[in-house]
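Worksheet: the structure to be examined is printed underneath.
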Amino acid sequence: MHHIGKTRIPAIGFGTYPLQGSEAQQAVEMAIGLGYRHIDTAQMYGNEKAVGQALRSCGLALDEVMVTTKVDPSNMDPERFLPSVERSLEDLGIDSVDYLLLHWPSRERALGQTLELLAEARSRGYSQHIGVSNFTCAQLREAGRLLPGEIATNQVEFHPLIDQRPLQRLCREQGVILSAYCALARGAFMEDRTLQSIARVYGKSVAQVALRWIIQQGVAAIAMSTRLENARGNLDVFDFELSDDEMKAIGALRQAHRRLVSPAQWAPEWDGPAEGDKE
Ligand SMILES: NC(=O)c1ccc[n+]([C@@H]2O[C@H](COP(=O)([O-])OP(=O)(O)OC[C@H]3O[C@@H](n4cnc5c(N)ncnc54)[C@H](OP(=O)(O)O)[C@@H]3O)[C@@H](O)[C@H]2O)c1
């Protein structure tokens with residue numbers, strides 16, 4: 001497995017939304033069996049117990065598989081934050097996660113307050129690293145100012161159909177790992193001709209080419225699959241390299257700027273593409 005950034009997050013992680021109960025457990029067991037070493041969950045997904053069961057039954061030492069979980073927006077207040085993290089750890093059956101993230105920027109609580117709680121969770125040993133998710137450039141800049149050097153990652157929607165270049169540049173500047181969720185755009189680009197023709201060149205699938213495009217930019221990808229063949233294929237992206245021209249050709253698809261995840265109750269005012277980036 002290849003790793004990204006100074007906290008060495010696996011280049012390809014396994015997502016668990018919207019899997020529940022035994023389906024979630026079986027999918028995570030399958031993923032670990034295939035070689036995935038990073039499992040992404042969240043309080044909101046309601047599957048931390050199932051993920052915990054899989055971690056215990058997979059036959060590996062608990063510290064061999066990295067785990068990310070995320071604090072739900074409803075747990076951002078000081079009375080609920082740390083107890084919610086304690087509950088997550090109990091459900092997962094581990095003393096500490098590798099990455100603890102704020103799932104969405106809070107609308108009710110000041111960023112300084114939620115970051116302080118996040119940092120406190122880390123000081124208590126509840127997490128090795130801390131980070132955020134769905135933060136815009138302005139919010140990430142502010143987080144970097146409030147907790148310099150401490151934000152390990154910003155997990156955001158990232159795939160060939162969305163233009164996240166402003167955020168990507170900021171992450172690079174700040175030494176923050178950009179983590180890509182919906183890395184496969186939930187299947188939205190499978191019929192794309194550019195991706196299909198590049199896939200043919202390497203004898204790879206469209207999904208593999210898209211994942212390769214992501215990790216070749218130093219972005220950590222998270223993909224979910226319940227199917228053995230897909231989950232195995234999504235991990236098999238380390239034996240080929242896209243040329244500069246192919247990277248550019250796939251990059252041009254970003255013009256579509258299709259965002260799949262933007263829940264009205266939590267979504268911030270998203271960054272648009274930068275003027276200078278328009279192709
Ligand atoms: N931080 C956040 O706010 C946030 C938001 C959304 C998601 N996430 C995380 O990111 C993870 C991934 O995102 P996602 O699950 O929404 O979307 P995704 O990974 O882009 O897409 C998952 C879908 O793609 C299909 N698929 C997987 N591999 C495939 C392949 N090789 N060929 C064709 N189809 C394939 C899967 O179907 P099969 O099961 O049939 O293979 C599944 O329906 C989530 O599970 C979650 O952990 C985080």
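What you see is a predicted model; the values in this text were computed from it and never measured. Computation of the quantities below employed the complete heavy-atom set of this structure, encompassing side-chain atoms and omitting hydrogens, waters and symmetry-equivalent molecules. As the structure lists them, so they are numbered: ligands from 1, and atoms in each ligand from 1.
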Seminar exercise, completed: Filtering N230, L235, L260, T41 for the heavy atom nearest atom 35 (C) of ligand 1 leaves N230
Exercise. Would you call D239-K204 a salt bridge at under 4.0 Å N-O?
Worked result: yes
For this session: If the plane angle is over 60° it's perpendicular, under 30° parallel, otherwise tilted; pick one for F14 and Y36.
Result: perpendicular
Exercise. Are any of the N or O atoms of T16 closer than 3.5 Å to those of ligand 1?
Worked result: yes
Exercise. Can you check whether K70 has an N/O within less than 3.5 Å of an N/O in ligand 1?
Worked result: no
For this session: Could you find the nearest protein heavy atom to atom 28 (N) of ligand 1 and give me its residue, atom name and distance?
Result: N234 ND2, 3.0 Å
Problem set entry | Heavy-atom nearest neighbour in the protein, as seen from atom 21 (O) of ligand 1, with distance rounded to 0.1 Å | R186 CA, 3.4 Å
For this session: Mark up the atoms of ligand 1 that fall under 4.0 Å of a heavy atom belonging to A183, in ascending order.
Result: 20 (O)
For this session: Using a strict cut-off of less than 4.0 Å between a Lys/Arg side-chain nitrogen and an Asp/Glu carboxylate oxygen, indicate whether R169 and E173 qualify as a salt bridge.
Result: no
Exercise. So is I222 polar-close to ligand 1, meaning N/O to N/O under 3.5 Å?
Worked result: no
Exercise. Does atom 43 (O) of ligand 1 have a protein heavy-atom neighbour under 4.0 Å away?
Worked result: no
Exercise. Hey, which of E246, R212, Q208 is the one that makes side-chain hydrogen bond (donor to acceptor under 3.5 Å, both in side chains) with Y202?
Worked result: E246
Exercise. At a non-hydrogen distance cut-off of under 4.0 Å, which region of N134 contacts ligand 1 (side chain, backbone, both, or neither)?
Worked result: side chain
Exercise. Does ligand 1 have a heavy atom under 4.0 Å from the side chain of M190, from its backbone, from both, or from neither?
Worked result: side chain
For this session: Identify which one of V71, N75, D72 satisfies the side-chain contact (heavy atoms from CB on, under 4.5 Å) criterion when paired with R80.
Result: N75
Problem set entry | Within-shell test, F14 vs ligand 1, heavy atom, strictly < 4.0 Å | no
For this session: Inspect the contact between D40 and K70 and indicate whether a charged nitrogen and a carboxylate oxygen are less than 4.0 angstrom apart.
Result: yes
Problem set entry | Min heavy-atom dist E157 to ligand 1 below 4.0 Å | no
Exercise. Among the heavy atoms of A185, does any lie under 4.0 Å from an atom of ligand 1?
Worked result: yes
For this session: For atom 22 (C) of ligand 1, find the nearest protein heavy atom and state the residue, atom name and distance (0.1 Å precision).
Result: M224 O, 3.4 Å
Problem set entry | Within reach of ligand 1, part of S225 (heavy-atom separation under 4.0 Å) | both
Exercise. Nearest protein heavy atom to atom 9 (C) of ligand 1, by residue and atom, and its distance?
Worked result: D40 OD2, 3.5 Å
Problem set entry | Distance flag for atom 31 (N) of ligand 1, protein heavy atom under 4.0 Å | yes
Exercise. Which bit of C182 is near ligand 1, meaning a heavy atom under 4.0 Å away: side chain, backbone, both or neither?
Worked result: both
Problem set entry | Close N or O approach (A223, ligand 1; < 3.5 Å) | no
Exercise. What part of A231, side chain, backbone, both or neither, has a heavy atom within less than 4.0 angstrom of ligand 1?
Worked result: neither
Exercise. What's the shortest distance from atom 7 (C) of ligand 1 to any protein heavy atom, and which residue and atom give it?
Worked result: Y181 CD1, 3.7 Å
Problem set entry | Carboxylate-amine/guanidinium proximity below 4.0 Å for R87 and E48 | no
Problem set entry | Which residue and heavy atom of the protein sit nearest atom 40 (O) of ligand 1, plus the separation | R227 NE, 2.6 Å
